[in-house]
Amino acid sequence: MFGWMTHRKRLSLIAVPALAGVILSAGGCKAPQPFGDRHSVIVRADPELWAQVDSAVMTTLEQRAFTTRPERIFKVTYVASDDTLWQEMRVFQQVIVLGSRGDEVIERLVNRDVAAPALAYISDVWARSQLVAAMLLPDENPADAVLELLPDLYSELRERYDEWIIQRMYTTGVNDSLIDVLAGYGFTLQLPRVYLHSREDSTFRFGNPYRQGDSDLLRSLLLTWKSGAADVTPESLLAWREEIDEVSYSPAQDVLDDGFRSARIQTGQLAGLELRGVWQDRAEFPAAGPFITRAIPCPQQNRTYYMDAWLFSPGKDKYPYLRQIEIALDSFRCSG
């Protein structure tokens, strides 16, 4: 398939000694590895409070990104403060605790000199490499405080999730030597060392095909350019993608109507046009996945660069891998 193959009181606390002592004395050993996927979020709250804020919390934290369908970026699981399951759920990778002074867990997580409402972020509480967000609420109108703090909480979760995605993407490091080579052709991309690459005339292919057992994962990026820096329309950009489908992809791909959209973008100092949607190939048993196609004019070079990136990841959550493709495309720069 790959051709060549708050009230914004926000505290970031590294450790809470009082809590750390409780953990160590309870088990007498190091904290365990966290459970669950990185996009799983456990929310602990009093049942009465949760009844007032559950809809707002779920709407804010379970926002969707369209891949081949609307896909939840985070998946939230609620556990009541008095539920015995809390002892098991608190060792997941991301835990959010809602509560006021007097709540035993809040008292251990948030220093006494912190006034409500406030958010505190603590690492490595009940498990290693774990993030715990403690939402300290006032005794009066705690539900209103939750609504006030939710946007900041979501922004923090997204930022940290992005950091995790980037860390995974560049586990093997950035291919600095490839950057130097590409600069000689007029552009640069920051790609992981593990990505394969090839060139035929002015068409460059980059990708990371991966197979483990019956599981496939393929991230593909094609780049080329045309002379001139004229404005590109959604229609002309789609026509270009249909053109490369026929000559560069085997089997060729079609663009489906579902989820297709266009938007103006900014990459560094350059403005461009982007198409997003779902591709489906013309094989006997068709494969499909999300794609991102971009056109970026570089007036100083009298060129317009065209990039087409797509993902094939059957049976997996696609957002983290689609975000990696976005990061690769966002790294594009005209050299010289």
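- Note on D245 versus R282: no salt bridge recorded, every NZ/NE/NH1/NH2 to OD/OE distance being 4.0 Å or above.
- How far CG of D308 is from CG of L329: 9.0 Å, rounded to the nearest 0.5 Å.
- Contacts of Y185 classified as ring-ring contact (aromatic ring centres under 6.0 Å, His included), with partners at least two apart in sequence or in another chain: F204.
- Checked against the 6.0 Å centroid threshold, W310 and Y249 count as a close aromatic pair.
- Pairs passing the disulfide (SG to SG under 2.5 Å) check and including a residue from residues 53-156, sequence neighbours excluded, do not occur.
- Under the 4.0 Å criterion applied to side-chain N and carboxylate O atoms, R294 and D330 are assigned as salt-bridge partners.
- A search for side chain to side chain contact (heavy atoms under 4.5 Å, CB included) contacts involving D83 returns V79, A80, L85, not counting sequence neighbours.
- For Y319, the ring-ring contact (aromatic ring centres under 6.0 Å, His included) criterion is met by no residue, not counting sequence neighbours.
- F332 meets the ring-ring contact (aromatic ring centres under 6.0 Å, His included) test with Y305; sequence neighbours excluded.
- With sequence neighbours excluded, the residues satisfying side chain to side chain donor-acceptor pair (under 3.5 Å) with E62 are R72.
- Annotation: salt bridge (Lys or Arg N to Asp or Glu O under 4.0 Å) contacts of R199 (sequence neighbours excluded): none.
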In a table with atom names and distances, give each donor-acceptor pair under 3.5 Å that connects a side chain of residues 131-143 to protein atoms at least two apart or in another chain.
none

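- E274 and R261 are not joined by a salt bridge, as no carboxylate oxygen comes within less than 4.0 angstrom of a charged side-chain nitrogen.
- With sequence neighbours excluded, the residues that form a salt bridge (Lys or Arg N to Asp or Glu O under 4.0 Å) with E326 are R276, R323.
- Sequence neighbours left out, not one pair with a member in residues 229-292 passes disulfide (SG to SG under 2.5 Å).
- Within the structure, the disulfide (SG to SG under 2.5 Å) test picks out the following pairs touching residues 258-303 (sequence neighbours left out): C298-C334.
- Crowding of Q300 atom CD: a count of heavy atoms from other residues, nucleotides or ligands under 6.0 Å exceeding 12.
- For residues 143-197, no pair satisfies disulfide (SG to SG under 2.5 Å), with sequence neighbours left out.
- The distance from the CG atom of N208 to the CZ atom of R193 is 14.5 Å, given to the nearest 0.5 Å.
- Taking the centre and axis of the six-membered ring of Y121, the NZ or CZ atom of R160 falls inside the cone set by 45° and 6.0 Å.
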